Amino acid sequence: MALSFCGNDKGINAYSVEEGVLNNGCFVDALNLVPHVFLLFITFPILFIGWGSQSSKVQIHHNTWLHFPGHNLRWILTFSLLFVHICEFAEGIMMMDTDHLHLYMPAFMGFVAATTSVVYYHNIETSNFPKLLLVLFIYWVLAFITKSIKLWKYAEYNVGPQHLRFCITALLVILYGLLMAVEVNVIRVRKYVFFANPQKVKPPEDLQDLGVRFLQPFVNLLSKATYWWMNPLIIGAHKRPIELKKIGKLPIAMRALTNYLRLKDAYEDQRDPDLSPSIWRSMYRAFGRPILLSSFFRCLADVLGFAGPLCISGIVKYLKETYFGVHFMSSTKLLQNTSVLAVLLFLALILQRTFLQTSYYVTIETGINLRGALLAMIYNKILRLSTSNMSMGEMTLGQINNLVAIETNQLMWFLFLCPNLWAMPVQIVMGVILLYCLLGWSAVVGASVIVLLAPIQYLIATKLADTQKSTLEHSTERLKRTTEILKGIKLLKLYAWENIFCDSVEDTRGKELTSLKTFALYTSMSIFMNAAIPIAAVLVTFVMHHFLNETGPSPSEAFAALALFHILVTPLFLLSTVVRFAVKALVSVQKLGEFLQSDEIGDDSWRNGDMSVSLEGGKKHLGAVSLNDNTSVNRTTAHLITFSTFSVCVGQLTMIVGQVGCGKSSLLLAMLGEMQTIEGRVCWSKSDPSSVPYILIKNRNFVAYAAQKSWLLNATVEDNITFGSPFNKQRYKAVIDACSLQPDIDLLPFGDQTEIGERGINLSGGQRQRICVARALYQNTNIVFLDDPFSALDIHLSDHLMQEGILKFLQDDKRTVVLVTHKLQYLIHADWIIAMKDGSVLREGTLKDIQTHDVELYDHWKTLMNRQDQELEKVEEEEEEDDDNMSTTSNRRSKIPWKMCWRYLSSGGYLMVFLMVSSNLLKHSVIVAIDYWLALWTSSKTNQSNDSYYLPVFIILCAAGIFLCLFTSLSVEFLGLSAATNLHHNLLNKIIHAPIRFFDITPLGQILNRFSADTNIIDQHIPPTLESLTRSTLLCLSAIGVISSITPAFLVALVPLAVAFYFIQKYFRVASKDLQDLDDSTQLPLLCHFSETAEGLTTIRAFRHEARFRQRMLELTDTNNTAYLFLSAANRWLEVRTVTNYLNWVVRNLADLEVQMSAVKKVNSFLSTECENYEGSMDTSQVPENWPQDGEIKIQDLCVRYDPMLKPVLKHVNAYIKPGQKVGICGRTGSGKSSLSLAFFNMVDIFEGKIVIDGIDICKLPLHTLRSRLSIILQDPVLFSGSIRFNLDPEKTCTDDRLWEALEIAQLKNMVKALPGGLDAVVTEGGENFSVGQRQLFCLARAFVRKSSILIMDEATASIDMATENILQKVVMTAFADRTVVTIAHRVHTILTADLVIVMKRGNILEYDKPETLLEQEDGMFASFVKADM
């Protein structure tokens, strides 16, 4: 039949207008075409030809600036209009008279016009040309009029709501009317027409800032829903890595400061003297509205989710029962058409995904905003935190770190899950109602199976959380032991104890693996429950249906019920997660509340001289401080410290001296306002410009403070010294010279631009201390407080710092200096001395005053003045850290690391890999078979008699599916567990047996990362990702297989879909990895900044740099939030493009696996490390049991290097040491004396020459034999956590009598006896519960326990006080009288009584003789050393 606009019906004149023009339906339809044609005719030339832009001259993101009001409403109405036009077109096309073009052509043209209108509007809006909107206004008016005429005529002919076309026309009239109203509102606000003065608009502040790249709040609704604005970033990531600069800054509304002020206002509005403010109420007031909006979107998405089962039911039910009306069709008949239902299913799915992703985005954005606000609130509290809370243990650094890293994240994640609290009941109730409507009571019984199993899911989730906590405890203990091993690796190798400590780590790892097995079991059960419950529910339902009804369910009922059961499982599965996070959130809020209510430091405005009460009699001195009968609480001991009245005078050097623990540091803290003042006061005078030239003080801050414990930022050396002050090259150089830092800076890989690791870990103690002093010197302040700045410096550096730094640099600048010190020889330089004892001032005055009035005290000082105090600084080889990120720009763009995937799988065992693959394939085959058998059963119209054929097979298939769900989840988890076990075991053995050079060139943090973060990823993250990837991939493939077998034409559509999917996953994986890396890399500096602030709180407050550190925290928070938001937006970008969950999870899991496999790659890189040659050329049986018996040492033409690629550190050294001789080796830093001590233990590469001990070349001996027969005491005393017995004899070979004998020789017996447990008394990590001197004596006892005939002392007295050193020397002379002792000397006076002295220089022996002979050579190096040391 030929097509015609009005049709070609015989006997009917379709174009007749005898009854009136408007009474001809075809003419009315033609009239409805006019507005659409008008719009297309006007807009197409404008769209294609273009127009001049009138947008603001301000440089902005033009394509994101939404100029006109009612923007979102317009887009919603236009999308609704498009949907109604689709329905109108479908209704017209389904008519029997398909030759009547007027039934569907206006609808088609209306769809085209509506699409054109929104494209036209978008272009007009982004170009800010409002006058062209007049075209749209005219179009809406014309369309409204023509549709109203059509609706009026329908009503006139009694066509009512029972007819679909009437309903569609009515909806179109309403939509056109609303769009017309929107257009009128734009004219009213912008006044672009009909008004004399059009309104000028200013772009949003965020869009004027080109640094703002997160555009989700500013783009149009379609771009918001599809994340179209993310396309350039995600596609561009494939060519160039995404960097911080590329993601820019956050919009103002999302910044931490904005959200902090919002939360702070809500918190402080609740201030009540009797009640503490509620954090929950504050969070609701600040962030409740977006959460409610997200919940609304989530409910909409969940309701639309039920369209799937309903449409499936309709499609299956009406597959062969279609009916076409002629002119008018009811709504019911339209919904009985399978094609219509398929289209509706597709549209419902798209809408559901859109609403769901919108809900996710709003929740995530709000959660991130909350986290930023909480971090800012915590940080501001830290800056005001009372120091007593920290020092007395009421608030530890660990608790603060937990608040920052854990509690804020718990609240953020709870907010993410909040919409589920409202959505889950809606899903459950609707699911049960629909199931009852489909299958009656049998469906309710099936649903009750899901409900009854929900508590088991909750129990499993609870057990998972408990097991994870247990695993974390064992993991922490393992990491603690591993850290101890790595920190003390030099000692362990020297004593041949590697295997003992390796076994202790393996024991702890065994406990951790036991927990991990339990964790894997519960994880498997959780995965199994989620997969098996729908199968079990379907089985119970259809079995009950078999007994309750005489016939089986219809296909439509069966497959709709199947889909509903899958939907119903999700909320019940999430229930346990939501409840767990809710409980955690309650605990987090409680902890946060306690922290926010903790004590704060008092008002210190008196330090600026703002309070008149602080001024003394109107007399003012620049920089003067006075204390009046001040009583303060010591932070550490809670003892009272009383300071009598005294003053620190302007421009003078005041020294505070006294024994350890007498209150010297507390006095400084009291002056800084950091102590809790019980009575008395601290007075700071105002600056008096008349006292000194005003030019010297006008730009100065107030107090520069160098704490006793050095505190450094994780920044460059330069940044640590300038500390936020403007860089002045001349002043900077003067400070560097004054602190003798230039030689140290020259050794650093990037000079003063070298990044100092967290807490200054890549610097020695002396270097850290001098940088802290340099910071105090560099600041332009009136007053400088230095708390024991010489404690970690040797005598030469101490003298230089005193002369050049304090006496010259500070005193010449007329700055007031308060110096706490133990170096009594510097008292001669003091203008005023304060001597303290037992928390009070014992004496004050000049040195001459004290000499006159307290002769006993002066004489005591005089005996100590000529002795050098302790020095801690050891010279370490500077290490250039390798890049821990083992992927470069080139390989970051690479494909999925399949090689590493296979390395991981093969580590788990080939049998486990086979079981995992085969069980997964079998499981998904059974699931497909269940659906296939159900289709056969339900479509066969069975009765009660022949149900016996289908039902047993169905039961067997379901049982097999349930079993295989359990087996596959177990196989994946235990494959991961096996891989984790083997990888950690191999890693530990490789590291522990690596040569010492490996630890010199590999940063400790990098090695620890392999055992902490990377091991954690391998243990707990890869297995679930692998399981999810396998499951989602096989579900996709099985779905494609089933569809293709039933509808082969699907394969044609599959090709473009596969191409699109390939490019989507290709671009997403790369972008996701980059953004994940950015999120990780920006989180660490934020956490470090909190730790640094808490540790250096006193310093920051003394310098008055709170505002600078607060600003830095806000910047770091915003940077991390930006990365997280972009990562979240990228995930939403993917989800709206994959439509189905399975495809989405395939891509997400691929991206996650790619990131996680980098942990395997990093671990694998360490597995290639070469081990030391432990075997040797001699067999252990060939070595005498009592070797070395005499202790004779022959060094013959010895050449030593640390690595074959490096220069020798010892060059052709020759020496002979007789049995029982006491030998001293000295020399400047880098002379090779420590290298010689390592050579005795074959710890370095002896590439030429040899060392012969008692007739045996040590290079031929097995390493364990050699090292276990010698003893050494290192400069740094190393103790391990455990007992005293374990530290003395970890091999457990000695009797208690021998251990007590060793302790008695080391003068420790009485002290150990007094401890609870005696030999079994606890030693904390690093031996921190003992003093440095006691630790060194324990090391001496350890050396004596071994009873070797050779003892090496490597600068063993450098870290101890004089009293301990005297004990040590006495023990060496008596207890080791018959043994050979080689002493590497830091203080040459300790080797004056030696039998032989060896002086080394640049790897060669310079002097070699008895000490008295060498002293006679006045121009010799040994003689010069002795003179300098006296």
Side-chain angles (χ1 to χ4, degrees), residues 64 72 75-76 79-80 83 214-235 254 289-308 345-369 412-413 415-424 426-427 567 570-571 574 577-578 1028 1032 1060-1061 1064-1065 1067-1069 1071-1072 1075-1076 1079 1121 1123-1152:
T64 60
N72 287 340
W75 278 85
I76 292 168
F79 282 131
S80 304
F83 176 72
F214 190 81
L215 304 177
Q216 180 72 1
F218 312 109
V219 294
N220 62 60
L221 197 64
L222 182 62
S223 188
K224 267 190 176 76
T226 61
Y227 297 86
W228 196 264
W229 62 273
M230 286 281 291
N231 285 357
L233 181 79
I234 289 176
I235 295 170
M254 296 182 187
R289 189 174 296 175
I291 290 298
L292 293 176
L293 178 64
S294 172
S295 302
F296 171 72
F297 283 129
R298 179 60 190 269
C299 289
L300 281 179
D302 289 341
V303 169
L304 282 167
F306 289 105
L345 175 58
F346 177 70
L347 291 174
L349 187 59
I350 288 176
L351 272 177
Q352 190 229 5
R353 300 293 290 179
T354 303
F355 284 135
L356 189 62
Q357 298 316 312
T358 304
S359 171
Y360 285 160
Y361 169 75
V362 172
T363 311
I364 289 170
E365 183 192 305
T366 310
I368 290 170
N369 288 343
M412 180 177 75
W413 276 100
L415 221 60
F416 290 172
L417 293 168
C418 255
N420 290 294
L421 293 172
W422 296 273
M424 285 188 302
V426 173
Q427 274 188 303
I567 289 175
T570 306
L574 276 173
T577 307
V578 174
S1028 182
S1032 51
F1061 174 73
I1064 287 171
Q1065 65 84 28
Y1067 290 127
F1068 173 79
R1069 280 194 303 104
S1072 175
L1075 291 170
Q1076 184 70 59
D1079 179 43
N1121 285 350
Y1124 194 92
L1125 269 171
F1126 268 97
L1127 180 61
S1128 171
N1131 289 335
R1132 307 286 80 75
W1133 179 92
L1134 172 70
E1135 294 200 16
V1136 296
R1137 278 158 181 76
T1138 53
V1139 182
T1140 65
N1141 266 327
Y1142 298 149
L1143 281 176
N1144 169 54
W1145 282 111
V1146 167
V1147 182
R1148 288 279 293 276
N1149 289 323
L1150 273 174
D1152 289 345

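Starting from 1, each residue takes its place in the sequence as its number. Computed from a predicted structure; not experimentally measured.
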Quiz item: Taking all non-hydrogen atoms of both residues, which atom of F214 and which atom of F218 are closest, and how far apart?
Solution: O-CE1, 3.9 Å
Quiz item: Any idea which heavy atoms bring S1032 and N1149 closest together, and the distance?
Solution: OG-ND2, 3.7 Å
Quiz prompt | CA sep, side-chain torsions, deciding dist, call: T1138, R1148, side chain to side chain contact (heavy atoms under 4.5 Å, CB included) | solution = CA-CA 11 Å; T1138 53; R1148 288 279 293 276; over 6 Å; no
Quiz item: How close do T226 and R1137 get, heavy atom to heavy atom, and via which atoms?
Solution: O-NH1, 2.6 Å
Quiz item: Once you round to the nearest 0.5 Å, how far does CG of N1121 lie from CG of N369?
Solution: 7.5 Å
Exercise. Measure the CD1-OG distance between I364 and S1128 for me, rounded to the nearest 0.5 Å.
Key: 3.5 Å
Quiz prompt | Residues in side chain to side chain contact (heavy atoms under 4.5 Å, CB included) contact with L356, at least two apart in sequence or another chain | solution = R298, A301, Y360
Practice problem: Return yes if some donor-acceptor pair links the side-chain N/O of T354 with the main-chain N/O of I350 below 3.5 Å, else return no. | Solution: yes
Self-check item: Partner residues of T366 under the side chain to side chain donor-acceptor pair (under 3.5 Å) criterion, sequence neighbours left out
Solution: none
Exercise. Kindly assign one of parallel, tilted or perpendicular to the pair Y361 and Y227, based on the angle between their ring planes and the thresholds 30° and 60°.
Key: perpendicular
Quiz prompt | L349 side chain reached by Q352 side chain, heavy atoms, under 4.5 Å | solution = yes
Self-check item: Derivation and outcome, side chain to side chain contact (heavy atoms under 4.5 Å, CB included), residues M230 and L233
Solution: CA-CA 5 Å; M230 286 281 291; L233 181 79; 4.0 Å; yes
Quiz item: If you look at every heavy atom in A423 and C299, which pair is closest and at what distance?
Solution: CA-SG, 4.3 Å
Exercise. Please identify each residue that fulfils side chain to side chain contact (heavy atoms under 4.5 Å, CB included) with A1123, with sequence neighbours left out.
Key: I247, L1078, D1079, T1082
Practice problem: Please state whether the rings of W229 and F1126 are parallel, tilted or perpendicular, taking 30° and 60° as the class boundaries. | Solution: perpendicular
Self-check item: Plane angle bin for F1068 and W1133 - parallel if under 30°, tilted between 30 and 60°, otherwise perpendicular
Solution: parallel
Quiz item: OH of Y1067 to CG of N231: how many Å apart, nearest 0.5 Å?
Solution: 10.5 Å
Practice problem: Return yes if some donor-acceptor pair links the side-chain N/O of T363 with the main-chain N/O of S294 below 3.5 Å, else return no. | Solution: no
Quiz item: Excluding sequence neighbours, so at least two apart, what forms side chain to side chain donor-acceptor pair (under 3.5 Å) with N72?
Solution: none
Self-check item: Atom pair CD1 (I1064) and CG (L1134), whose distance is rounded to the nearest 0.5 Å
Solution: 7.5 Å
Practice problem: I would like to know whether F296 and L292 meet side chain to side chain contact (heavy atoms under 4.5 Å, CB included); could you show each step before the answer? | Solution: CA-CA 6 Å; F296 171 72; L292 293 176; over 6 Å; no
Practice problem: Can you sort out the partners of Q357 under side chain to side chain donor-acceptor pair (under 3.5 Å), two or more places apart, ordered by chain and number? | Solution: R1132, E1135
Quiz item: Of all heavy-atom pairs between L1143 and F1061, which one has the smallest distance, and what is that distance?
Solution: CD2-CE1, 3.5 Å
Quiz prompt | Qualifying residues under side chain to side chain donor-acceptor pair (under 3.5 Å), relative to W75, sequence neighbours excluded | solution = H71
Practice problem: To the nearest 0.5 Å, tell me how far F297 CZ sits from D302 CG. | Solution: 13.5 Å
Quiz item: Do you know the tightest heavy-atom contact between E365 and L1125?
Solution: CA-CD2, 4.1 Å
Quiz item: CZ of F79: more than 12 outside heavy atoms within 6.0 angstrom?
Solution: yes
